[in-house]
Amino acid sequence: MAGLLALVAARLQPAFDRLEPGADPVLRPSGQPGVDFQANGALALAKRVGRPPADLAAEIVATASLGEICTKVEASPKGFVNLTLDDGWLAATLAATAADPRLGRCLAERSLTVVVDYSSPNLAKEMHAGHVRTTIIGDALCRLYADAGHRVIRENHVGDWGTQFGMLIEYLLESGDAGREALSLGDLEGFYRQARAAFDASEELQDRSRSRVVLLQSGDPDTVALWRQYVDLSVAHFTSVYHRLGVLLQPEDVVGESFYNDLLPVVVAELEDKGLLVESEGARCVFPPGFANREGQPLPLIVQKSDGGYNYATTDLAALRDRFGRLGADVAVYVVGAPQALHFQMVFAVGRLAGWIPEGKEPVHVMFGSMLGADRKMFKTRAGDVVKLAELVDEAVERAAAAVAAKSPDLPDGEAQVVAEAVGVGAVKYADLSTDRARDYVFDWDRMLAFDGNTAPYLQYAHARIRSIFRRAGLDAAGLLAGAAAPPVLASPAERDLAVALLDFDTAVAATIGTDSPHKLCSYLFDLAGVFTAFYESCPVLRAPAEVRDGRLLLCAHTAGVLSAGLGLLGITAPERM
RNA sequence: GCCCCCGUAGCUCAGCUGGACAGAGCGGCCGCCUUCUAAGCGGCGGGUCGCAGGUUCGAGUCCUGCCGGGGGCACCA
């Protein structure tokens, strides 16, 4: 069940093919009153075919077999083809879409293996505001890909290797159970700070830490066991934060830097075999063409430092090779901030030179802008500290709880808490997802938790209002949808507008996935909610006469379904009541 | 110096990959609860789409050059 746009475009295609095989109808929603879609293809075709646009448009009107789907097809003097959909066809299409468990969302024509690298915190420290965007955007993309029928492999490329782990292991030994307890409570930050303080204060600890790193790198079993202990406790903490946030990542999705450790020499050796390696200033580098530094000199991607150590470029190359090789990725997605654009361009370029990216496959850097405070500077606390993610979520839920308590004092305590979690977490996520990810985004509690405007609470409220209708009537919305109800009578403009909006779901989701831009789905859902409230204001449902009541109930059930499914694709839950 | 991202209403942002008069929310002003959740809805006012060229039947959208903001550019990730 395709979206409305695709359905109509397909029906229009033969008329365009007659003029020029494969010509694009350029079908768009129309702003003209009483017109649903406009096909602009005739204007584009005019020059190529050597005929006036109006002429072509007239011919399209004459030859298009839009039969039962359009009630009016007109060519404008300028060459636009204006289409007005038939109410009966619209209603029948809506009924069919309502009965579809996917509510019209098409599956991808080809199921791909998509590896998504996101979140990727450093296990030495606690997750902070800097991890919010990658975690939220990455998770939404995973849900969208999976829903479209792709095979999604989540990879949480955590920092679990490096010199700081020598220090942490030594401190874990030194602090014994106390340290383990701090870690199991999730106070990674406190543990790290204490370890750091002890490290700075004691040369002896510094020495032990250094030799511990050597032991770790060389695979000493006892050291590895201690490291594993630290990592497990840390991952458990991260997992609890993910759970709280409603993020899909699980411990088994962790593929940390340590995982690639053994592959790093292999990566360098292969680069050498392929003749790509150049030694420069003591470091072993690859110089991909097209990159220059400040002085205009070729810019290297350093894969082995002059001290013999490897760096993040080496690890990223190993990961790239692993994803397209072992995992058989068709697409490797990196949900990483925009500042790393150059780094990934170079890694991808070297990956291609090395032949690790098969023909037709592609790595994609899904970049995003910085999260800024109200002062338009990097998001920090008043004291200038980074904001812990767990505390951010706490505050969101507290604020939401206060709002819920004020607006809906009758909700039972238990339910109020569940609603507050959904609203608070939803607000944070939606605020992040609802603007073009490439832009920097301004974090603002009041705006994201507002019940007006393009926010999660507004959409959740629209959804809850609909559920309330069914509760009141003692009806089951899901059953209504599945029950292949009779097509609604689209008696009023508000009903008709709602029907059209509902049938745009597939188009919106496809555009969202096609550009890795969750904000497009947000915009659609916001628009749908607006169209619904207009309907809700002007069309009584339960008190409506029998001949329109069932149709309106179906519209309601369908809308609730799209809102909750749409929010679900973004990783946001829609409570039954609020 | 080079490269990347951004520049649309007072503020925060959309603008569906070039289409017919540029939209929303907030803020301001006015109106709407004996009626399915007013956490809502309607109306009014508000824009040289950073600037200048260019391509095109048509440009907020594509190209070039400037201006402004942010970021990146050899051994931290």
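Lettering of chains follows the sequences in order, A, B, ..., and the numbering in each one begins at 1.
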Engineer: When only distance counts, do a donor and an acceptor, one from the side chain of A:S434 and one from the base of B:A14, lie under 3.5 Å apart?
Structural biologist: no
Engineer: Between atom CD in A:E537 and atom P in B:G31, what is the gap in whole Å?
Structural biologist: 18 Å
Engineer: Where each residue is assigned the nucleotide of RNA chain B containing its nearest heavy atom, which of A:G514 and A:S306 is assigned the position nearer the 5′ end?
Structural biologist: A:G514
Engineer: Answer with base, sugar-phosphate or nothing: what part of the nucleic acid does A:T533 contact at a heavy-atom distance below 4.0 Å?
Structural biologist: sugar-phosphate
Engineer: With nearest nucleotides of RNA chain B determined for A:S76 and A:N311 from heavy-atom distances, which residue corresponds to the more 5′ nucleotide?
Structural biologist: A:S76
Engineer: Ring centres of A:Y334 and A:F348 under 6.0 Å apart?
Structural biologist: yes
Engineer: Looking at B:A14, does its base get a donor-acceptor pair with the side chain of A:T435 below 3.5 Å?
Structural biologist: no
Engineer: With distance as the sole criterion, do the side chain of A:Q38 and the base of B:A20 form a donor-acceptor contact below 3.5 Å?
Structural biologist: yes
Engineer: What does A:R447 touch in the nucleic acid at a heavy-atom separation under 4.0 angstrom: a base, only the sugar-phosphate, or nothing?
Structural biologist: sugar-phosphate
Engineer: Could you state the atom-to-atom distance from CG of A:L43 to P of B:G58 in whole Å?
Structural biologist: 11 Å
Engineer: Just the rounded figure in Å: distance from P of B:C73 to CZ of A:R294.
Structural biologist: 7 Å
Engineer: Could you check whether A:A450 gets within reach of a base, just the sugar-phosphate, or nothing at all, counting any heavy atom under 4.0 Å?
Structural biologist: nothing
Engineer: Please give me the minimum heavy-atom distance between A:E495 and A:C539, naming the atom from each residue.
Structural biologist: CG-SG, 4.0 Å
Engineer: Base, sugar-phosphate or nothing for A:S408? Non-hydrogen atoms, less than 4.0 Å.
Structural biologist: base
Engineer: Is it the case that the side chain of A:D440 and the backbone of A:G369 share a donor-acceptor pair, with hydrogens and angles ignored and the cut-off at 3.5 Å?
Structural biologist: no
Engineer: Is any NZ, NE, NH1 or NH2 atom of the basic residue among A:D410 and A:R577 found under 4.0 Å from an Asp or Glu carboxylate oxygen of the other?
Structural biologist: no
Engineer: For A:H343, which contact category applies under a 4.0 Å heavy-atom criterion: base, sugar-phosphate, or nothing?
Structural biologist: nothing
Engineer: Classify the nucleic acid contact of A:D440 as base, sugar-phosphate or nothing, counting any heavy atom under 4.0 Å across all strands shown.
Structural biologist: sugar-phosphate
Engineer: Taking atom P of B:C36 as reference, at what distance in whole Å does atom CZ of A:F532 sit?
Structural biologist: 14 Å
Engineer: Does B:G1 have a Watson-Crick or wobble mate here (both distances under 3.5 Å), and if so which one?
Structural biologist: B:C73
Engineer: Base, sugar-phosphate alone, or nothing: which one does A:A313 contact when heavy atoms must sit under 4.0 Å apart?
Structural biologist: nothing
Engineer: Using whole Å, report how far CG of A:D316 lies from C1' of B:C75.
Structural biologist: 15 Å
Engineer: Counting distance only, does the side-chain N/O of A:E189 pair as donor-acceptor with the main-chain N or O of A:E126 below 3.5 Å?
Structural biologist: yes
Engineer: Calculate the interatomic distance between A:R284 atom CZ and B:A74 atom C1'; express it in whole Å.
Structural biologist: 16 Å
Engineer: To the nearest Å, how far apart are A:Y441 OH and B:G71 P?
Structural biologist: 19 Å
